[in-house]
> 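Pasting a structure here, questions to come.
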Amino acid sequence: MEYQKIINIAVIAHVDAGKSTLVDAFLKQSHVFKDNEKVVDCIMDSNDLERERGITIYSKNCSVTYKDYKINIVDTPGHADFSSEVERIIKTVDTVILLVDSSEGPMPQTRFVLQKSLQCGLCPILVINKMDKQDARATEVIDEVYDLFLELNATDDQLDFPILYGVAREGVIRYEVEDTNEDIIPLFETIIHHTQAYPNIMDEDIQMQISALAYDDYIGRLGIGRIYKGTLKEATQYQVCNANGTSHTGKTNQVFVYKGLSRVAVPEVQCGEICMISGIPDINIGDTLCPVGKNEPMPMITIEEPTLSMNFMVNDSPFAGQTGKYVTSRNIRERLDKELEVNVGLRVEETDSTDTFKVSGRGELHLTILLEQMRREGYEIAVSRPEVILKKIDGVTCEPVEEVVIDVPTEYSGSVISSLNVRKGLLQNMEDLGTYSRLTYMVPTRGLIGFRSDFINMTHGEGTLVQRLADYEPYKGEIPQRENGALISTETGAAMTYALWNIQERGQLFIGAQTPVYEGMIIGVSAKNMDMGVNPIKNKKMTAVRSTGNDEAMKLVPPRSLTLESAIEFINDDELVEITPTDIRIRKKYLTALDRKRHMREIGKVESEEE
């Protein structure tokens with residue numbers, strides 16, 4: 001097999017810095033697309049949820065050629081919740097392109113992805129993106145990036161990074177701001193001069209580590225990884241080694257490499273290449289392929305521990321099974337097992353109940369994306385309020401603390417500061433950005449549960465909030481939960497305009513007229529700090545008596561729409577979110593008032609016995 005020069009790169013950045021847009025520019029200028037082919041923006045974000053939300057959730061591969069080099073490109077997520085995707089692929093690349101917004105500068109998640117790259121010994125290439133912004137401040141941003149490198153203990157080689165300027169949306173990267181080229185040739189040239197092609201060690205014994213998994217309905221489970229030594233061939237027996245020392249033999253069926261956006265079957269693949277293999281049904285992330293009879297596993301890919309957990313339960317509401325296709329605990333268990341195969345940042349544990357599973361992830365978004373996918377696949381499920389995962393460090397109970405950077409109109413900053421202080425937040429820094437203020441806070445993860453919807457209301461939708469896990473610190477004490485109570489339906493049936501018109505004076509509704517409700521379902525948020533039982537199905541009594549004047553027109557205030565995230569943020573410990581393919585409802589764990597009283601009595605009894 002003839003040796004080809006290969007360089008693998010990953011595009012890393014804070015969310016919304018332009019990673020997927022830069023990958024689009026790579027593909028377009030490498031003539032991957034035909035002249036008559038319609039090209040969508042952010043073509044690598046192929047998942048429906050990624051397109052709807054405008055974010056990257058899964059890291060994905062593609063390749064381009066430049067001169068006599070093949071460049072494999074990995075597009076990575078920017079959200080800290082999907083950082084397990086970044087952690088495992090960073091080992092498979094030779095360098096990273098660090099994108100930084102010309103106005104915002106380095107953000108919390110920039111620190112995280114850069115830290116992982118520096119720990120792996122990679123020497124990044126810095127691209128100051130969005131240079132067409134009116135408030136671009138490239139010089140100050142470069143100084144901030146240098147400071148960040150120094151904080152992260154970068155080596156001298158890593159500090160000697162090349163700097164480029166660009167507008168990825170227009171497919172332009174330049175050596176200097178005043179240059180006039182209209183392509184990304186400077187970035188291609190920088191990659192091949194800054195990074196050595198993978199060395200030619202094709203004659204050595206094969207060693208390939210799996211860093212990601214995929215599934216194909218026709219050929220089954222697929223392992224994706226990099227070949228570190230030797231040559232991998234199709235239809236060949238290999239030793240599959242685990243990190244724990246055990247191994248077994250497995251036979252590859254087909255071997256694929258990336259060409260543009262497509263995967264192409266090839267008879268053999270050289271070292272340095274990122275490829276995909278089929279035929280080994282029990283392959284896992286971290287497994288190493290070696291020659292038969294040799295057991296040489298590579299160091300296991302380490303993933304940071306989850307910080308947040310939720311209970312996934314079988315939906316047992318009166319409306320259970322009306323729209324869902326998969327409703328049993330066996331269905332939910334099988335789906336979670338399938339997710340564990342590809343989602344390495346997730347943990348699933350059994351509980352005392354056979355109908356409940358404790359699912360732990362890297363953050364609220366990590367778990368809600370999984371729930372949204374399950375919902376779209378036809379699953380019905382009920383989930384509890386998220387709980388943080390506490391750790392014992394040197395005998396002290398510690399909880400996760402997040403660094404939060406908030407840009408908010410100055411007139412609303414007082415409300416935000418007041419709210420975060422109540423949630424045990426500690427103000428680190430405050431900057432003036434003209435009409436906006438930038439607040440940097442350290443807040444316990446517990447304090448941020450339910451804060452985002454309050455934040456949107458406080459800032460009238462004009463504030464932005466980004467967060468990343470900073471560290472574990474000693475437990476901060478009690479944090480107040482939701483101040484307002486809930487409006488709880490006492491009856492089962494269809495909600496009536498007449499009843500809702502009277503109820504809306506007592507709070508804000510989640511439902512409109514003719515919405516089916518059941519006893520124990522939460523239909524709105526109360527204006528008072530106590531739960532309130534209401535009858536939403538009561539209708540006006542019809543009599544033969546007519547009044548001389550016209551009846552008052554009953555106009556309902558538009559209900560507050562519930563998204564999956566807002567519902568999970570809203571609930572308290574004694575409430576659940578019911579998720580079905582068509583509806584998202586909030587309910588009490590115990591549906592009848594009698595059951596709720598009995599439960600409160602039992603809790604009081606247990607607490608008194610403990611005292």
Side-chain angles (χ1 to χ4, degrees), residues 310-324 327-329 332 353 355-356 371 375 379-385 481-482 484-542 554 556-557 559-564 566-604:
M310 291 167 72
N311 286 334
F312 285 31
M313 299 168 239
V314 172
N315 182 20
D316 62 353
S317 85
F319 293 168
Q322 290 184 358
T323 58
V327 296
T328 65
S329 60
I332 296 169
S353 168
D355 290 346
T356 305
L371 287 167
R375 176 187 173 210
Y379 287 83
E380 277 194 21
I381 201 165
V383 296
S384 66
R385 177 182 169 87
Q481 288 194 5
R482 186 182 77 223
N484 297 65
L487 298 174
I488 308 165
S489 172
T490 58
E491 304 292 334
T492 302
M496 293 293 175
T497 303
Y498 176 75
L500 295 180
W501 185 69
N502 289 303
I503 293 169
Q504 69 183 8
E505 297 173 3
R506 303 178 188 179
Q508 188 178 23
L509 293 172
F510 296 149
I511 63 166
Q514 298 305 309
T515 303
V517 298
Y518 55 80
E519 184 179 5
M521 178 174 155
I522 294 172
I523 64 163
V525 54
S526 169
K528 298 184 178 179
N529 63 350
M530 56 181 281
D531 289 343
M532 196 180 299
V534 293
N535 179 2
I537 69 169
K538 184 179 178 184
N539 208 354
K540 187 176 183 182
K541 286 195 167 55
M542 306 300 285
M554 294 181 185
L556 294 180
V557 176
R560 174 173 155 190
S561 62
L562 281 177
T563 62
L564 185 55
S566 64
I568 287 171
E569 285 181 354
F570 175 82
I571 58 173
N572 276 339
D573 293 335
D574 63 336
E575 295 161 358
L576 301 174
V577 178
E578 178 188 347
I579 302 163
T580 74
T582 55
D583 299 288
I584 291 169
R585 306 184 187 99
I586 300 177
R587 51 165 283 195
K588 287 288 182 182
K589 276 186 185 174
Y590 298 91
L591 296 177
T592 66
L594 186 64
D595 284 345
R596 290 195 289 275
K597 282 180 184 172
R598 190 179 292 136
H599 178 66
M600 293 305 292
R601 205 177 296 127
E602 286 172 4
I603 290 175

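Note: hydrogens, waters and symmetry copies are ignored here, and every other heavy atom, side chains too, is used. Remember, predicted model here, so these are calculated numbers, not experimental data.
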> Please identify each residue that fulfils salt bridge (Lys or Arg N to Asp or Glu O under 4.0 Å) with Asp355, with sequence neighbours left out.
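With neighbours one apart ignored, the set is empty.
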
> When you look at Phe319 and Arg585, which way does the side chain to side chain contact (heavy atoms under 4.5 Å, CB included) test go after all the steps?
CA-CA 10 Å; Phe319 293 168; Arg585 306 184 187 99; 3.6 Å; yes

> If you measure from CD1 on Ile586 to CD1 on Ile568, what distance do you get to the nearest 0.5 Å?
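CD1 of Ile568 is found 9.5 Å from CD1 of Ile586.
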
> Enumerate, atom names and distances included, each donor-acceptor pair closer than 3.5 Å involving a side-chain atom of residues 512-523, sequence neighbours excluded.
{"unit_1": "Thr515", "atom_1": "OG1", "unit_2": "Gly512", "atom_2": "N", "d": "3.4"}
{"unit_1": "Thr515", "atom_1": "OG1", "unit_2": "Gly512", "atom_2": "O", "d": "2.8"}
{"unit_1": "Tyr518", "atom_1": "OH", "unit_2": "Glu578", "atom_2": "OE1", "d": "2.5"}

> As an exercise, state the distance from CD1 of Ile511 to OG of Ser489, rounded to the nearest 0.5 Å.
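Answer for the CD1-OG pair, Ile511 versus Ser489, is 7.5 Å.
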
> Give me the atom names and distance for the closest heavy-atom approach of Leu591 to Pro318.
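Heavy-atom minimum between the residues: CD1-CD, 3.8 Å.
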
> Are any side-chain N or O atoms of Ser384 and backbone N or O atoms of Leu576, one a donor and one an acceptor, separated by less than 3.5 Å?
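Looks like no, no N/O pair under 3.5 Å.
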
> Using modelled atom types only, decide if a donor and an acceptor are shared between the side chain of Asp531 and the backbone of Ala486 within a distance under 3.5 Å.
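Here the side-chain-to-backbone pair exists.
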
> Please tell me if the side chains of Gln322 and Thr580 come closer than 4.5 Å, counting only heavy atoms from C-beta onward.
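Not touching, per the 4.5 Å side-chain cut-off.
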
> With rounding to the nearest 0.5 Å, note down the distance linking CD1 in Ile381 to CD1 in Ile579.
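One gets 6.5 Å once the value is rounded to the nearest 0.5 Å.
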
> Quick one: are Pro581 and Glu380 in side-chain contact, heavy atoms under 4.5 Å?
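The answer is yes, as the side chains (C-beta and beyond) meet within the 4.5 Å cut-off.
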
> If we ignore hydrogens and angles and just use 3.5 Å, is the side chain of Asn572 paired with the main-chain N or O of Asp574 as donor and acceptor?
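A pair under 3.5 Å: no.
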
> According to salt bridge (Lys or Arg N to Asp or Glu O under 4.0 Å), who are the partners of Arg596, at least two apart in sequence or on a separate chain?
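Counting only residues at least two positions away or on another chain, Arg596 forms no salt bridge (Lys or Arg N to Asp or Glu O under 4.0 Å).
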
> Quick one: does any side-chain atom of Lys528 pair with a main-chain N or O of Arg506 as donor and acceptor, under 3.5 Å?
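Answer holds: no.
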
